[in-house]
Visitor: 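First the structure, which I've put down as structure tokens, then a few questions once you've had a look.
Given the structure is predicted, the values throughout are model-derived calculations rather than measurements.
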Amino acid sequence: MLKTHTCGELRLSHVGTQVTLAGWVHRRRDHGALIFIDLRDREGIVQVVVDAEAAPEAHKVAEKARVEYVLQIRGEVRARPEGLQNPNLPTGEIEVAAQEVTILNPAKTPPFYINEDVPVEEALRLKYRYLDLRRERMQRNIILRHHVVTAIREFLNARGFIEIETPLLIKSTPEGARDFIVPSRLHPGKFYALPQSPQQLKQLLMVAGFEKYYQIARCLRDEDLRADRQPEFTQLDLEMSFVEQDDILALIEELYLYLVEKVVPHKRIREIPFPRLTYQEAIARYGTDKPDLRFGMELIDLTDIVAHSAFRVFAQTAAEGGHVKAITVPGAAGYSRKELDALTQHVIPYGAKGLLWMAFRQEGVRSPAAKFLTSGEIQAIRERTAAREGDLVLIIADEPTVVAEALGHLRLEMGQRLGLRDPNELAFAWVVEFPLLEWNEEEGRWQAVHHPFTAPVPEDWTLADTDPGRMRALAHDSVLNGWEVGGGSIRIHRSDEQQRMFQLLGITEEQAQAQFGHLLEAFQYGAPPHGGIALGLDRLVALFADENSIREVIAFPKTSSAQDLMLGAPSPVAEEQLRELHLAVLSLER
RNA sequence: GGGCCCGUGGUGUAGUUGGCUAACAUACCGGCCUGUCAAGCCGGAGAUCGCGGGUUCAAGUCCCGUCGGGCCCGCCA
């Protein structure tokens with residue numbers, strides 16, 4: 001080894017020890033005959049003193065050193081003189097008196113600050129990701145991610161789970177996200193697909209009798225990106241045989257408690273056991289199936305109060321089967337007209353036509369709708385919304401889905417403004433009883449809300465012919481602070497039921513055989529009842545790391561246009577490469 | 001596919017009712033300096049204002065297009 005100790009580990013107890021260190025120049029302070037070098041390695045920073053009198057050769061080398069040079073330093077640990085300790089550094093009570101300084105490798109001036117946590121344009125960070133990753137924030141995040149994965153393995157291994165790898169080159173399926181496909185050289189005109197998740201494979205591992213499986217699995221989906229979505233991402237994928245939904249939820253709940261204790265012990269969990277909401281409840285109370293439960297400000301239904309109001313927007317919405325719902329924002333009655341108008345911008349993107357407000361001030365109610373509402377109606381609204389003096393009630397009247405989405409997002413915005421979304425609070429929750437199917441307008445058929453292998457609540461099979469939209473799924477989503485961090489279900493394990501499901505989804509028997517024949521056949525050889533879940537590792541780590549984007553917890557992420565700015569991917573390939581793959585690129589339109 | 005925001009020395013920003021010889025901080029280079037820790041002091045170099053076109057006597061600033069980044073809608077079983 002080129003070093004005997006790490007920079008970060010040295011303490012008073014090492015005083016008098018001869019050490020050899022190796023690392024990067026974090027900062028250099030040149031006082032002429034005395035040079036201070038803050039030497040950094042993964043474990044921390046230590047001050048090295050190079051004295052021209054005591055070590056003239058070393059001093060000559062240190063004069064040439066610059067930020068991010070890679071140095072090896074031989075010297076002795078000594079206590080810092082009284083009054084010269086640095087309380088901001090864990091190693092601040094000691095320093096290393098250099099006897100020999102070696103430049104292992106010089107460095108160009110970096111394109112941005114590595115020794116300071118200051119904002120840098122993200123494109124530049126991504127082009128020089130290897131330098132960005134050298135910065136403290138990214139080191140912390142990537143190491144945190146490692147700790148999460150380690151703890152997951154510890155926890156599951158101790159409970160009899162077996163980690164099994166599944167292939168990356170699999171078969172394209174029609175349902176779900178757009179596949180990334182890989183051409184086959186050996187089979188002209190045929191393609192593999194990269195897995196959107198190991199879903200079918202892990203179910204087949206249950207048929208194989210492994211009973212408890214997990215995998216830290218890479219998943220790939222060719223869809224547009226978001227702050228919380230990358231084309232490749234990582235899931236903790238998990239499946240168990242002979243379990244009911246409660247068993248899965250209980251296990252994962254325990255896993256979360258273990259992770260928080262091991263990895264982010266400074267964070268508080270808001271409620272244990274985790275609250276469970278049905279999908280219906282979540283939509284009704286929070287306007288979303290991934291509610292942020294760190295604060296209340298729930299959606300309140302006013303439809304019945306204003307159904308026969310003289311205020312036409314209300315009456316008409318109610319008559320057409322729409323909803324009139326509100327949130328109460330404490331202490332916001334003083335918002336100016338301009339501020340109130342600006343709030344509209346937070347609901348327009350979700351299809352709302354407008355936002356109505358009622359400010360309960362000392363001098364009385366202020367609202368654009370006040371003159372159309374009776375004092376009885378205003379009183380009823382105030383009671384229902386529990387608005388006190390100084391509170392602002394924000395109302396949206398529209399189709400139920402628009403009201404839910406718009407008001408749900410407005411709730412998050414107002415919660416943010418009021419400082420109710422504390423990153424050190426973890427509000428885990430379960431959302432259960434999702435609808436099994438939803439109607440796809442464009443294709444004119446039912447499609448699976450979760451995926452086509454999800455089992456319905458058994459008694460709901462009777463609705464299959466009459467009212468499929470009302471069938472409930474044995475599905476569960478794991479929600480944390482307003483993010484969907486996981487989802488799973490009890491699966492169908494009988495061939496006849498799986499076939500019935502494909503039928504419901506408008507998949508012909510031939511298609512089902514061609515696409516899913518392996519699964520249908522496997523289910524005929526004694527498939528155990530089974531179920532599982534997959535957790536979005538990137539999202540979970542981002543929440544643990546207080547980051548708003550999963551790019552901050554992925555070593556080499558892609559931009560929102562799905563490019564790797566460091567590697568320059570995607571890129572063209574040689575004509576010969578295409579020929580081998582039996583591919584031709586259609587002329588690029590522009 | 002659509003909407004919004006951003007792009008100015010290496011980096012982060014200011015300059016956007018058109019008048020600029022483009023400003024500030026920091027980094028960088030040189031000099032001085034034996035106790036600093038965001039070291040300090042003195043000096044210096046460094047920007048065709050993302051790119052292309054247009055309007056104008058005059059464009060960093062206005063218009064059109066384009067490229068790159070970000071956020072969102074659609075999309076994401």
Side-chain angles (χ1 to χ4, degrees), chain A residues 26-39 45-54 59 63 66-68 80-89 91-92 95 97 108-128 131 173-179 195-197 199-200 219-231 233 345-351 405-406 409 434 436-438 440 442-443 446-454 473 475 484 487 489 501-502 505 507 515-516 534 536 548-549 551 558-561 563 565 590:
Chain A
H26 191 66
R27 251 182 257 280
R28 194 181 73 109
R29 292 175 295 281
D30 187 345
H31 288 230
L34 200 63
I35 298 173
F36 297 95
I37 291 171
D38 289 342
L39 194 70
I45 292 169
V46 70
Q47 172 166 289
V48 176
V49 191
V50 191
D51 189 324
E53 210 169 290
H59 185 267
E63 272 185 323
R66 292 292 181 273
V67 160
E68 299 308 314
R80 293 206 197 183
E82 191 52 41
L84 296 177
Q85 295 94 345
N86 184 350
N88 301 319
L89 228 49
T91 60
E95 62 193 6
K108 286 167 63 172
T109 302
F112 49 81
Y113 298 101
I114 290 172
N115 52 15
E116 276 177 64
D117 187 21
V118 293
V120 180
E121 200 193 318
E122 192 161 349
L124 193 67
R125 293 176 58 200
L126 291 175
K127 182 177 175 193
Y128 296 97
L131 295 180
T173 55
E175 293 278 312
R178 190 177 296 112
D179 282 318
Q196 299 177 23
S197 87
Q199 182 60 37
Q200 295 183 54
C219 304
L220 301 106
R221 297 177 189 177
D222 188 6
E223 298 290 350
D224 287 354
L225 293 81
R226 288 289 186 282
D228 62 351
R229 274 169 30 194
Q230 285 270 307
F233 61 101
Q345 295 314 310
H346 292 277
V347 300
I348 298 287
Y350 309 101
E405 276 186 50
H409 280 92
F434 279 78
L436 185 74
L437 305 168
E438 63 192 344
N440 184 322
E442 289 142 49
E443 297 179 31
W446 291 101
Q447 66 180 36
V449 169
H450 195 50
H451 57 53
F453 318 112
T454 300
E484 183 196 325
S489 62
M501 181 59 58
F502 288 142
L505 297 172
I507 300 172
Q515 302 293 343
F516 304 106
N548 291 320
S549 164
R551 289 188 304 275
K558 293 180 178 51
T559 66
S560 70
S561 61
Q563 303 189 77
L565 295 182
R590 67 144 292 118

Visitor: Considering only B:G12, B:G74, B:U34, which nucleotide approaches the side chain of A:Glu121 most closely?
Guide: B:G12
Visitor: Less than 4.5 Å apart, any side-chain heavy atom of A:Glu175 and any of A:Ile507?
Guide: yes
Visitor: Is A:Phe36 stacked against the base of B:U36, taking the criterion as centroid distance under 5.5 angstrom and interplanar angle under 30°?
Guide: yes
Visitor: According to the Watson-Crick and G-U wobble definitions, with both distances under 3.5 Å, which nucleotide is paired to B:C51?
Guide: B:G65
Visitor: Under 4.0 angstrom, heavy atoms only, what part of the nucleic acid is A:Gln85 near: base, sugar-phosphate, or nothing?
Guide: base
Visitor: Counting the atoms with a prime plus P, OP1 and OP2 as sugar-phosphate, which does A:Gln47 contact under 4.0 Å by heavy atoms, base, sugar-phosphate, or nothing?
Guide: base
Visitor: Once you round it to whole Å, what is the distance between P of B:A39 and CG of A:Asn88?
Guide: 12 Å
Visitor: Rounded to the nearest Å, what distance is computed from the CG atom of residue A:Leu126 to the C1' atom of nucleotide B:G70?
Guide: 11 Å
Visitor: Check every strand shown and say whether A:Thr454 touches a base, only sugar-phosphate, or nothing at a heavy-atom separation below 4.0 Å.
Guide: nothing
Visitor: Where the side chain of A:Glu122 is defined as all heavy atoms beyond and including C-beta, which of B:G70, B:G12, B:U34 is the nearest nucleotide?
Guide: B:G70
Visitor: Here's a test of your reading of the structure: between A:Tyr350 and A:Thr559, which maps to the more 5' nucleotide of RNA chain B?
Guide: A:Thr559
Visitor: Could you please name the option among B:C71, B:A27, B:C75 that lies closest to any side-chain atom of A:Arg226?
Guide: B:C75
Visitor: Does the side chain of A:Arg221 reach to within under 4.5 Å of the side chain of A:Ser197, using non-hydrogen atoms?
Guide: yes
Visitor: Once you apply a heavy-atom cut-off of 4.0 Å, does A:Gln345 come out as touching a base, just sugar-phosphate, or nothing?
Guide: nothing
Visitor: Nearest to the side chain of A:Glu223, which nucleotide is it out of B:U34, B:G74, B:C76?
Guide: B:C76
Visitor: Would you indicate what A:Leu565 reaches in the nucleic acid, counting non-hydrogen atoms under 4.0 angstrom: base, sugar-phosphate, or nothing?
Guide: sugar-phosphate
Visitor: Where the side chain of A:Arg66 is defined as all heavy atoms beyond and including C-beta, which of B:C37, B:G74, B:C29 is the nearest nucleotide?
Guide: B:C29
Visitor: Looking only at the side chain of A:Ala33 (C-beta and beyond, no hydrogens), which of the listed nucleotides B:U34, B:A39, B:C37 gets closest?
Guide: B:U34
Visitor: A:Glu95 near the nucleic acid: base, sugar-phosphate alone, or nothing, with a heavy-atom cut-off under 4.0 Å?
Guide: base
Visitor: Is the closest side-chain heavy-atom distance between A:Ser549 and A:Gln230 below 4.5 Å?
Guide: no
Visitor: Verify the contact: side-chain N or O of A:Arg29 to OP1 or OP2 of B:U36, cut-off strictly under 4.0 Å; return yes or no.
Guide: no
Visitor: Please determine, for B:G10, whether a Watson-Crick or G-U wobble partner exists with both distances under 3.5 Å, and give it or none.
Guide: B:U26
Visitor: Is the distance from OP1 or OP2 of B:G70 to the nearest side-chain N or O of A:Ser560 less than 4.0 Å?
Guide: yes
Visitor: Does A:Ser549 or A:Arg27 map to a spot on RNA chain B nearer the 5' end, using the closest nucleotide for each?
Guide: A:Arg27
Visitor: Do A:Arg28 and B:C37 have a side chain to base donor-acceptor pair shorter than 3.5 Å?
Guide: no
Visitor: Any non-hydrogen side-chain atom of A:Asp228 less than 4.5 Å from a side-chain atom of A:Glu484?
Guide: no
Visitor: Please classify the glycosidic conformation of B:C20 as syn (within 90° of 0) or anti (everything else).
Guide: syn
Visitor: From the set B:G70, B:U36, B:A27, return the single nucleotide nearest to any side-chain atom of A:His31.
Guide: B:U36
Visitor: Can you find an N or O donor on one side and an acceptor on the other, under 3.5 Å apart, linking the side chain of A:Arg80 with the base of B:U36?
Guide: yes
Visitor: Would you measure the distance from the P atom in B:C33 across to the matching atom in B:C24 and give it in whole Å?
Guide: 29 Å
Visitor: Rounding to the closest angstrom, what is the interatomic distance between B:A23 and B:C62 at atom C1'?
Guide: 23 Å
Visitor: For B:C73 versus B:U56, give the span between their P atoms, rounded off to a whole number of Å.
Guide: 43 Å
Visitor: Figure out the CZ/C1' separation between A:Arg229 and B:G74, and round it to whole Å.
Guide: 10 Å
Visitor: Considering every strand and a 4.0 Å limit on heavy-atom distances, what is the contact class for A:Val120: base, sugar-phosphate, or nothing?
Guide: sugar-phosphate
Visitor: Looking at every strand, decide which applies to A:Leu124 at a 4.0 Å heavy-atom threshold: base, sugar-phosphate, or nothing.
Guide: sugar-phosphate
Visitor: Measuring from the side chain of A:Ala227 (C-beta onward, heavy atoms only), which nucleotide among B:C71, B:U11, B:U36 has the closest atom?
Guide: B:C71
Visitor: Without decimals, in angstroms, what is the distance between A:Glu116 CD and B:G10 C1'?
Guide: 14 Å
Visitor: Please tell me if the side chains of A:Leu34 and A:Val49 come closer than 4.5 Å, counting only heavy atoms from C-beta onward.
Guide: yes
Visitor: B:C75 base to A:Asp224 side chain: any donor-acceptor pair below 3.5 Å?
Guide: no
Visitor: Once you measure the plane-to-plane angle for A:His409 and A:Tyr350, does it fall in the parallel (<30°), tilted (30-60°) or perpendicular (>60°) bin?
Guide: parallel
Visitor: May I ask you to say whether A:Asp38 pairs ionically with A:Arg29, meaning some side-chain N is under 4.0 Å from a carboxylate O?
Guide: yes
